[in-house]
Amino acid sequence: MRFGTFLFLALPLAAAAQTKPVAARVDSVLALMTLEELVGQTNQYNGFWNATGPMPAGNEWVAARVAALKRGGVGSVLNVAGVDEVRALQKVAVEETRMGIPLIFGLDVIHGYQTLTPIPLAEAASWDLEAIKNSARAAAREATADGINWTFAPMVDISRDPRWGRVMEGAGEDPFLGSRIAEARVRGFQGANLSDPTTLAACLKHFAGYGFAVAGRDYHTTDYSAHTLYNWILPPFEAGVKAGAATVMNAFSAANGIPATGDSALVWGELRGRMGFDGVLVSDWGSIGEMTAHGYAADLRDAADRALAAGCDIDMESDAYLRYGVELARRNPTDSVRIREAARRILTLKFELGVMDDPYRYCGATKPDVRPDAYEMAVKSSVLLKNSGVLPLAAGVHVGLTGPLAAEKNGVLGNWRVSAKDQSAQSLAEAVAGQWTYVASSPHSVGQEAFHAELTLNQTDTRANDVALKALRKHDVLVLAVGEHGNESGEGRSRTSLRISAVQQDLIRKAYATGKQVVLVVYAGRPLVLEPWIRDGAAAILWAWQPGTMGGSALADVLTGRREAYGRLPMTFPRSEGQIPLSYDGYSTGRPGPKPEVFWSHYTDESNTPAYPFGFGLSYTSFEYRDLVVTPSAQGWTASVTVRNTGTRAGSDVVQLYVGRQGNGQLYPVKALKGFKRLTLEPGSEARVSIELPLEALTQRDGQGRNVLFAHGTLTVTVGPHSQDGLTWTTQMP
Ligand code: BGC
């Protein structure tokens, strides 16, 4: 390998230099760089040409990008995958640029790389932090073997709006659960040491508030209170920063009249200030340029200036820094310092990843088989919402399987499947082949299925539904695999109606009319609205989300009881779209009800309650909670409860601790999750579970962002199996 001349001099080979602290090594490289090269480090391009093939002739756009790369004008790339491609581009950066500074390679490894784990919202439903961490770890092992060293994950946006298609990518509505999951994912991707060639730099996104898009429409502006910002939106970022996340990404959205990419107060005050984040802040795709479309920046030069001022280190695909960075720095000494500081942070990351010592560090490994990890995560992600006793399916029962997602090998992979092969999921029909009878029903979608395109639904053709049900008329139980295709949720895929499609409703209605027991297996990237007749008519409902590559056997094993029903909802399921945004942790209002007259906070045509509450999920056994005792401890309180398995099977439950506060001088959610523990019990056995409640967990930030300790008023602690059930203890603070 031949490093570019100057880097070669700056890194006086290997051992001696490697013992110098990273900061000193970064300084020695910075000292040799021109302003143009400093700006180049801040520029990120999408994989722009097939680097292992010939340069496309006559394509000026590509030629300009290649020229930029060769003169040191590109610091990182995204969407280049495969060892050969990565090597080829790295060779250009290392051998054909003056400084020879290696590139870093980013990709959306969101729920797996080529082997897909369930969508992140599904993983969150496991409430199993070790499993989630392991899933991120598996994704990192697979992706790094292909040359990738940076993932644009985890998305830690809290959202209460299932119309927003990107809820599939997050951990749901709760800041406590979301924070614990952010930590688990960061630790899983990054491992103990970033320079380990099986780890990825993580990226907390989207900073900040993107999940509060008005009316759930993606890319929309947002409108939320300071209270919401400080107590819901920011905590998972803070947890991820504390867990060591190397990078953070700006949001597309705007709040308080300022696009997030230009929001200096938010970045310098909160992210870099209060949270102490000193890693790399990358824009979202084109989000610097989009500040002009927002109406905020006058033009691309102005946008570049504002993004620099707001601490954005890397310009992903706006070409704003590359075009105007040098000019801005020459005109304004402050911009010059900003660019140098951005380059410093980027080079620091490159040293930490180890690519400054070995640019090809991530290109050597054999790809591991992570399918067992994907299977395990899929088993733990599904949520049993209803069970009349038909599940687990008994041996000897004749099961008929139909529904448009039963044999689906694509849509069940989920939305972020940049690197997975088409049709690579194991379907439910494949997993049960030879045991159940599968007959195809009417298709859910027609025509093209693509990441960038709208999915066209089959609106009318129900013919195959009748054929399928006729063919299965002799079976005892019907399993219907229905719901959403992976391309109905995710980025750019907001919905106003969250109902099951008409053609699938036709199938469900006709299946119910047979009088047989019908099990719904619902694939979805979000909570959907199941009408009462759908909920009432089903013998059982298993929420499968989009379970990824190994979903087929994972779901089959849960349905037949080889594995237990494990998941608990990380998001409230509304009864109607009109209730949205809906979460379990709202404020009480001045008019809680119910009241006999209309003057209380409610709807005239729908209840305030959800269809399925946050934290809910059934087991194949039952649990009883008793004897809640809360005692003072060194940190605050300890809550202990006895949980007994009252059923006939071994099983686990997630014991959840919620708190409410009253009278401390500002509103507090009616309840807020502050702890949880999973516990496995043999039938008839019981155990005492203790959960710590540190006093600091009750601290809340006020509208000015100040921490307000809980010192006065009433504290209520509820411990139970989900957000709407449990034993309660109350105390009065002096
Ligand atoms: C998304 C980001 C993603 C980026 C790069 C954007 O459209 O909002 O979450 O990481 O593209 O693919």
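As the structure lists them, so they are numbered: ligands from 1, and atoms in each ligand from 1.
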Asker: Just let me know how Leu78 lines up against ligand 1, side chain, backbone, both or neither, with a heavy-atom cut-off below 4.0 Å.
Answerer: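 The answer is the side chain of Leu78.
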Asker: Under a 4.0 Å heavy-atom limit, does Lys205 contact ligand 1 with its side chain, its backbone, both, or neither?
Answerer: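 For Lys205, only side-chain atoms sit under 4.0 Å from ligand 1.
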Asker: Do the ring planes of Trp416 and Phe451 sit parallel (below 30°), tilted (30 to 60°) or perpendicular (above 60°)?
Answerer: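 Tilted, since the angle between the ring planes falls between 30° and 60°.
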Asker: Give a yes or no on whether Asp278 atom CG has more than 12 heavy-atom contacts from other residues, nucleotides or ligands under 6.0 Å away.
Answerer: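 Open.
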Asker: Is the shortest N/O to N/O distance between Asp284 and ligand 1 below 3.5 Å?
Answerer: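 It does: an N or O of Asp284 is found under 3.5 Å from an N or O of ligand 1.
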Asker: Are any of the N/O atoms in His206 less than 3.5 Å from those in ligand 1?
Answerer: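 For ligand 1, there is an N or O atom that lies under 3.5 Å from one belonging to His206.
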Asker: Assess whether a salt bridge exists between Arg166 and Glu491, defined as any Lys/Arg side-chain N lying under 4.0 Å from an Asp/Glu carboxylate O.
Answerer: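 Salt bridge: yes.
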Asker: Under a plain distance cut-off of 3.5 Å, with no hydrogens placed, do His111 and Glu123 share a side-chain donor-acceptor pair?
Answerer: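 Note: Glu123 and His111 side chains miss the donor-acceptor criterion.
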Asker: Check Arg306 with Asp302, please: is the shortest side-chain N to carboxylate O separation under 4.0 Å?
Answerer: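 Result for this pair is yes, salt bridge flagged.
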Asker: Compile the donor-acceptor pairs under 3.5 Å between side chains in residues 147-154 and protein atoms, sequence neighbours left out, one pair per line.
Answerer:
from: Asn149; atom 1: OD1; to: Phe105; atom 2: N; distance (Å): 2.8
from: Trp150; atom 1: NE1; to: Thr247; atom 2: OG1; distance (Å): 3.0
from: Thr151; atom 1: OG1; to: Val109; atom 2: N; distance (Å): 3.2
from: Thr151; atom 1: OG1; to: Val109; atom 2: O; distance (Å): 2.9

Asker: Before accepting this row, confirm whether a basic side-chain N of the pair Arg495/Glu577 lies closer than 4.0 Å to the acidic partner's carboxylate O.
Answerer: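 Salt bridge absent between Arg495 and Glu577.
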Asker: Residue-level breakdown please: for Gln44 versus ligand 1, do any non-hydrogen atoms fall below 4.0 Å on the side chain, on the backbone, on both, or on neither?
Answerer: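 It is neither; nothing of Gln44 touches ligand 1.
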Asker: Taking only heavy atoms of Met249, which atoms of ligand 1 are found under 4.0 Å from at least one of them?
Answerer: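 The list of qualifying atoms is 2 (C), 10 (O).
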Asker: Mark up the atoms of ligand 1 that fall under 4.0 Å of a heavy atom belonging to Glu491, in ascending order.
Answerer: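 Here the atoms of ligand 1 in question are 1 (C), 6 (C), 7 (O), 8 (O).
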Asker: Give yes or no for whether the N/O distance cutoff of 3.5 Å, strictly under, is met between Arg166 and ligand 1.
Answerer: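 Indeed, backbone or side chain, Arg166 has an N or O that close.
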Asker: To check your reading of the model: name the closest protein heavy atom to atom 12 (O) of ligand 1, its residue, and the distance in Å.
Answerer: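 Going atom by atom, the protein heavy atom closest to atom 12 (O) of ligand 1 ends up being Asp108 OD2, 2.4 Å.
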Asker: If you count the atoms of ligand 1 from 1 in the order shown, which ones are under 4.0 Å from a heavy atom of Phe152?
Answerer: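 Near Phe152, meaning under 4.0 Å from one of its heavy atoms, ligand 1 has 10 (O).
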